[in-house]
J.: 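Sending over a structure as structure tokens; questions will come in a sec.
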Amino acid sequence: MNLQQIPQIKHTDSDNFFLLAGPCAIEGEEMALRIAEKLVGITDKLEIPFVFKGSFKKANRSRIDSFSGIGDEKALKILRKVSETFGVPTVTDIHTNEDADKAAQYVDVLQIPAFLVRQTDLVVAAANTGKTVNLKKGQFMSPESMKHAVQKVLDCNNQNVMVTDRGTMFGYQDMIVDYRGIPTMQQYATTVLDVTHSLQQPNQTVGVTGGRPDMIETVAKAGIAVGVDGIFIETHFDPANAKSDGANMLHLDYFEDLMTKLVAIRKTINQF
């Protein structure tokens, strides 16, 4: 896909990787604007094309009593406010066909969650909005099988599609990233590495997903070295008290240092 097809995206001529980043879920307006302001400052400074990420609802929680959102329209309006306030595009995930048209009124990129990427009707509904579609690779799928998910979007006359690797199940409670999958999926579409979800440790007995945030820098560096097109990272100024996925998010205070290192690696890789 042509990155410039995403409205308001900046720094596309910098020869940098692009970034999808933000909190796992929209918890409120103040927190979303606070995180967005920090990320916009960092990405403008380092000339990284940036899309703000935030889920308007979380429909795939392990437990019924887990946080699922502050209300669909309320959260979507916050995403729109982020976009209007800072002049950046936004991405959110959808879980039903009805979500596609609803979210498309507020955001620029529709994301299909990994567990749902085989759901043809959902993928087609997202593609038919004309928005850019980000297909998360299922934890249970091979990189090669993602070509069929991509083709579903293309068959809807939508060329604006990307795929995101978010790790593969390794046993019952761990994820691994097979970096061989990145060049494989790049044959089908622009490819992103979801660093933080790749470090999840799902299916914990308490019903709350664990994670390895201490490995974020390692996985991100490796992805850039392999030549991935984009990086996906969830971040929060208080991960310990985040309402979703706090166990594997990057603390916002560490974000600029990591991006600085990744930009340096990218510049080196571009010489070869």
Side-chain angles (χ1 to χ4, degrees), residues 1-9 18 20-29 32-33 36 50-61 66-138 141 146 148-164 166 188-190 192 194 197 230 232 234 243-245:
M1 62 165 286
N2 181 355
L3 202 61
Q4 294 178 339
Q5 293 298 314
I6 300 177
Q8 299 193 89
I9 197 161
F18 66 95
L20 285 69
C24 179
I26 299 298
E27 302 169 9
E29 181 176 306
L33 293 173
F50 170 56
V51 181
F52 179 82
K53 184 268 170 186
S55 296
F56 76 95
K57 69 177 175 182
K58 302 297 295 182
N60 54 345
R61 308 313 308 278
S66 295
F67 173 81
S68 60
I70 60 174
D72 293 0
E73 188 173 4
K74 183 177 181 180
L76 286 167
K77 285 182 176 178
I78 290 172
L79 284 164
R80 176 188 282 169
K81 185 165 185 177
V82 167
S83 182
E84 292 174 348
T85 301
F86 299 106
V88 294
T90 55
V91 55
T92 198
D93 31 15
I94 61 173
H95 300 86
T96 67
N97 297 359
E98 294 75 19
D99 284 348
D101 286 333
K102 178 166 58 177
Q105 299 176 52
Y106 296 90
V107 303
D108 305 292
V109 181
L110 299 178
Q111 183 167 281
I112 307 298
F115 282 128
L116 299 178
V117 75
R118 288 287 302 270
Q119 299 298 108
T120 300
D121 288 350
L122 180 61
V123 173
V124 168
N128 282 338
T129 66
K131 297 287 184 174
T132 297
V133 179
N134 182 23
L135 301 167
K136 287 285 197 79
K137 183 184 81 64
M141 293 174 66
M146 285 301 293
H148 305 298
V150 170
Q151 192 61 49
K152 292 175 184 178
V153 179
L154 298 178
D155 285 346
C156 294
N157 296 315
N158 187 339
Q159 303 295 313
N160 301 320
V161 57
M162 64 179 85
V163 296
T164 295
R166 50 95 70 241
Y188 319 133
T190 298
V192 179
D194 181 344
H197 285 102
F232 180 112
E234 289 185 340
K243 296 183 182 297
S244 178
D245 276 2

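For this chain, numbers begin at 1 and follow the sequence in order.
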J.: Please find the pair of heavy atoms, one from A104 and one from K131, that lie closest to each other, and give the distance.
T.: O-CE, 3.0 Å
J.: Return the set of residues passing salt bridge (Lys or Arg N to Asp or Glu O under 4.0 Å) with K152 (not counting sequence neighbours), or none when no residue passes.
T.: none
J.: At what distance, to the nearest 0.5 angstrom, does CZ of R80 lie from CZ of F56?
T.: 13.5 Å
J.: Any donor-acceptor pair under 3.5 Å linking the side chain of T190 with the backbone of M1?
T.: yes
J.: Output the distance between atom CG (L116) and atom CG (D121), rounded to the nearest 0.5 Å.
T.: 12.0 Å
J.: State whether the side chain of T132 and the backbone N or O of V161 hold a donor-acceptor pair below 3.5 Å, judged by distance alone.
T.: no
J.: Closest heavy-atom contact between I94 and A126?
T.: CD1-CB, 3.9 Å
J.: With sequence neighbours left out, which residue pairs that include part of residues 103-118 fulfil the side chain to side chain donor-acceptor pair (under 3.5 Å) condition?
T.: Q111-N134
J.: Using a 3.5 Å distance criterion without hydrogens, assess whether the side chain of T92 forms a donor-acceptor pair with backbone atoms of G54.
T.: yes
J.: Distance-only, no hydrogens or angles: does the N97 side chain make a donor-acceptor pair with backbone N or O of A125 under 3.5 Å?
T.: no
J.: D155: which residues meet the side-chain hydrogen bond (donor to acceptor under 3.5 Å, both in side chains) condition with it, sequence neighbours left out?
T.: Q151
J.: Taking all heavy atoms of L33 and all of T85, pick out the closest pair and write down the distance.
T.: CD2-OG1, 4.2 Å
J.: Among all residues two or more places apart in sequence or in another chain, which pass the salt bridge (Lys or Arg N to Asp or Glu O under 4.0 Å) test with K81?
T.: E29
J.: Quick check against the 3.5 Å criterion: does E27 have a side-chain atom that pairs as donor or acceptor with the backbone of K243?
T.: yes
J.: From N2 CG over to I9 CD1, what is the distance, rounded to the nearest 0.5 angstrom?
T.: 10.0 Å
J.: List the steps and the verdict of side-chain contact (heavy atoms from CB on, under 4.5 Å) for T129 and D101.
T.: CA-CA 7 Å; T129 66; D101 286 333; 3.7 Å; yes
J.: A side-chain contact here means heavy atoms from C-beta on lying under 4.5 Å apart; do N160 and V133 qualify?
T.: no
J.: Pairs under 3.5 angstrom only: tabulate donor-acceptor contacts from the side chains of residues 69-79 to other protein residues two or more places apart or in another chain.
T.:
residue: D72; atom: OD2; partner: K102; partner atom: NZ; Å: 2.8
residue: E73; atom: OE2; partner: K77; partner atom: NZ; Å: 3.3

J.: Checking the side chain of S55 only, and the main-chain atoms of C24 only, is there a donor and an acceptor separated by less than 3.5 Å?
T.: yes
J.: For the residue pair P89 and P7, what are the closest heavy atoms and their distance?
T.: CB-O, 3.1 Å
J.: Drop me the distance from D99's CG to D93's CG, to the nearest 0.5 angstrom.
T.: 9.0 Å
J.: What heavy-atom pair brings V117 and G138 nearest, and what distance separates the two atoms?
T.: CG1-N, 3.8 Å
J.: Return the minimal non-hydrogen interatomic distance between P23 and F52, and the atom names on each side.
T.: CD-CZ, 3.5 Å
J.: Roughly how far, to the nearest 0.5 Å, is CE of M146 from OH of Y188?
T.: 10.0 Å
J.: Between R166 and F232, is there a side-chain heavy-atom distance shorter than 4.5 Å?
T.: no
J.: Residues two or more places apart in sequence or in another chain: which of them pass salt bridge (Lys or Arg N to Asp or Glu O under 4.0 Å) with D194?
T.: K136
